[in-house]
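First comes the structure, then the notes that go with it.
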Amino acid sequence: MSTQHVQRMSRLMAKTLREDPADAETLSHRLLVRAGYVRRSSAGVWTWLPLGKRVLDNVSRIVREEMDAIGAQEVLLPALLPKEPYEVSGRWSEYGDLLFRLKDRKGADYLLGPTHEEIFTLVVKDQCTSYKDLPVMLYQIQTKYRDEARPRSGVLRGREFQMKDSYSFDVSDEGLAESYRLHREAYVRIFERLGLDHRIVSAVSGAMGGSASEEFLAPAEAGEDTFVDCPSCAYAANTEAVTFALAPVSGEHPALEEVDTPDTPTIETLAAHLGVPASATLKNLLVKVDGEIVAVGVPGDREVDLGKLGEHLAPAVVELVTAEDFEGRPDLVRGYVGPQGLEKVRYLADPRVAPGTSWVTGANRADTHARNVVCGRDFEVDRYVDVVVVEPGDPCPSCGAGLRLDRAIEIGHIFQLGRKYADAFGLDVLGREGKPVRVTMGSYGIGVSRAVAALAEQTADERGLCWPAAVAPADVHVVAAGKAVPLALAEEAATALAASGLRVLLDDRPGLSPGVKLTDAELIGVPWILVAGRRSADGVVELQHRATGTREELPVSEALARLT
Ligand code: ATP
Ligand code: MG
Ligand code: MG
Ligand code: MG
C-alpha cells in the first residue's frame, strides 16, 4: 500500500456541533450535519464537506469498480438537457412539477436531468448502427435534479443528488435478461461491499415505464418505503407492488344491475376539462368530489382506479381535477371506465375492495353505471398500483403465510424497460439478416448520495456515526489526549500508520480536553480510535473499536501491528 498523508483535525474543515439541527427528522440527517460531513445549502441541496466527500467518493469507487467488472463503460452526459427528447418520450409533461425547467437566453426550454433514458438512447442511436455494436452497457455517476415535493431527511431525499445510472442496449429479449442479471448481481456485490443490509423486492415501474422492475431496499426506520416479505417463501415486494391472487367468488351476491346515468363524465369530458387530448397518458389522475377522492385513473389507458382513497394517497399524487365539475354528483364519477366496459380494472388498494365484496359501484358503458359489481366475478384485479394497504399478517400471495411489514430506504432500482424508448426514438440497428432490429433496453439506478445516509441510518448508535471500514473517511482516528508527550506519541503513531498505507485522522487540536476529543471521535465514527493519553510516557496507548465499543490498553507497537 502506498503511503497516505495524515489528515490533521487542526486543519480539517469539519466543525462538529453539540446540538441537533432544528429541522432534522432522521438520525442520519442529525449526525451527518453534527459531525461536519454535510451542510445544507438550500432546501434539498447539500454541500459535501471534506469528511462527507471522502465517504461519498468511497461509495462511488465501489460502485464504479463493480460496474466496470460487468463490462459497463463509464461516460459522463450533461445534466443540462434540451426539452425536445423529453417531449418525444412524453416525460416533459409526465414528470410535472418534479422537473427543474429553465430557459436559455434565446428562450429555448431546457431541464436539469432527473434520469437519462432519453439521452442515452440518443447517444446509442448515434454511436451504434449494427447488431455487432451490441450489447452495450453504459453508466455514469452524475448529479441529478428532481424538484421533490418534500425534500426532507437530509441527503436521503435531495433535490440535487448523486446517482449512478446505467443503461443496457440489446437486440434480443434474452440479451436484455442477461444485462439485467449482470446488473442485479453487481448490485448485490456493491451493497455487500458497502456493508448495507438490503433486500431485493418486486417494484412498480412508474414513470420509467417498462415491464419488470425490482428495488433494492435498505431496511431502516427512516425509510419512506414499506415492503412486505414472507417468512416462509422468497416473496418480497414493495407495498406499492403487492399482487393479490384472486380468490373465487363464493356465497350469494346480488346480480349486476345497470343504471342510466347520462350525465356521467366520460374520459372525454375529463380530458376536455384538463385541456388534454383523450389519448393523453396522465399519471395519477385524481377525481375529487367535495374534497373526497372518488376515482383515480389514466385517460390514455381507458382504465380507472376505484376506491375512496383519500387517507392512503402517496404525497406524489397530483390533483388534476377540481371538485366544482362534480359538485353534488359523487355517484356519477365513481368508477367510470369508458366504453370498453369493466373488463379489467386497476385500482388503488382499498381494504374494502377485497375479492368477493360487492360494495363497488362502477360503470361498464358510456352513460351507464353498474350497481352490485363484484370484484372477482364481474372483473379481474390486474394488480394493485401506487398505494396498497397491507397489514402485517395478511396472506402472502405466493404461499399464504402471514406477511411481515417493514420500513426501508430505496437505494437502487433496476428496470427491464423493453422497447419503450427505442420505439419513441426509432432506435434500430442492422440485424444479422440485414434488416433493422429494434433495440431493447434496461435502466439501473443507485442513489450514491442516498446510500451514504442509508449507511449512516443502519450503523449509527447513540454516540454517533459508525462507518463500515469500506466507506469510512479514515481507517484510524488518532487522538492526542494531552500536550507534549501524548501529542508526540500520537504524531509518531499517526505517521507510522499512514506510512503503512492507512488513512489517518489525527486529533492534534490544541486546547481541547481529552473528553471533547473523544466525543468528537465517536461522533465522526471512524472504525478504530487510538488514544495517546496518560500512559504515553510508557509508550502505552488505548485502542478502541468504534462499533463494538471494546477498549484495550497496549504498547503502541502492538497497537500499530494490530492495525496494519
Ligand atoms: P423515491 O421512490 O425514493 O422517490 P425513485 O423511485 O423516484 O425514488 P428512481 O427513479 O428509481 O427513484 O431512481 C433511482 C435511485 O435514485 C433510487 O433508487 C434512489 O436510490 C435514488 N434517488 C431517487 N430520488 C432521490 C432523491 N431525491 N435523493 C436522493 N436519491 C434519490
Ligand atoms: Mg421519486
Ligand atoms: Mg421509488
Ligand atoms: Mg425507484
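Whatever order the structure lists them in is the order used to number ligands and atoms, beginning at 1. Computed over heavy atoms, backbone and side chain alike; hydrogens, waters and symmetry mates excluded. Bear in mind that the values here come from a model prediction, so they are computed numbers and not experimental data.
Compare Arg152, Arg150, Met163, Lys144 by their heavy atoms: the one nearest to atom 13 (O) of ligand 1 is in Met163. For atom 31 (C) of ligand 1, the nearest non-hydrogen atom from the set Phe161, Phe216, Tyr444 comes from Phe161. When the heavy atoms of Glu410, Arg159, Gln162, Arg157 are ranked by distance to atom 4 (O) of ligand 1, first place goes to Arg157.
Ligand 1 lies less than 4.0 angstrom from a heavy atom belonging to Ile411. Leu156 counts as a contact of ligand 1, since one of its heavy atoms falls under 4.0 Å from the ligand.
Between Gly447 and ligand 1, at least one N/O pair is under 3.5 Å apart. The shortest N or O to N or O distance between Ser449 and ligand 1 is not below 3.5 Å.
Of the listed residues (Glu410, Glu215, His413), just one forms a side-chain hydrogen bond (donor to acceptor under 3.5 Å, both in side chains) with Asn238, and that residue is Glu215.
The part of Arg450 lying near ligand 1 is the side chain, judged by heavy-atom distances below 4.0 Å. With a 4.0 Å heavy-atom cut-off, ligand 1 is reached by the side chain of Arg146 but not by its N, CA, C or O. Contacts of Glu148 with ligand 1, taken as heavy-atom pairs under 4.0 Å, involve the side chain alone.
Side-chain atoms of Ser93 and Tyr86 include no donor-acceptor pair closer than 3.5 Å.
Judged by the 6.0 Å and 45° rule, Arg546 forms no cation-pi pair with Trp467.
Side chain of Asp461 to backbone of Arg463: a donor-acceptor contact under 3.5 angstrom is found.
Within 6.0 Å of atom CG in Asp97, 12 or fewer heavy atoms from other residues, nucleotides or ligands are found, so the atom counts as exposed in its surroundings. For Arg189, the CZ atom counts as densely surrounded, since its 6.0 Å shell holds more than 12 non-hydrogen atoms of other residues, nucleotides or ligands. More than 12 heavy atoms of other residues, nucleotides or ligands lie within 6.0 Å of CD in Glu65, so this atom counts as buried by the packing criterion.
Short contacts between ligand 1 and His413, defined as distances under 4.0 Å to a heavy atom of the residue, involve ligand atoms 11 (O), 18 (O).
Closest approach between the Mg ion (ligand 4) and any N/O/S atom of Glu410 involves OE2. The nearest N/O/S atom of His413 to the Mg ion (ligand 4) is ND1.
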Check: Between Arg30 and Glu25, does a salt bridge (charged side-chain N to carboxylate O under 4.0 Å, His left out) hold up when you go through it step by step?
Finding: CA-CA 7 Å; Arg30 290 204 299 273; Glu25 292 175 27; over 6 Å; no
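Taking 4.0 Å as the cut-off between side-chain N and carboxylate O, Arg407 and Asp225 do not count as a salt-bridged pair.
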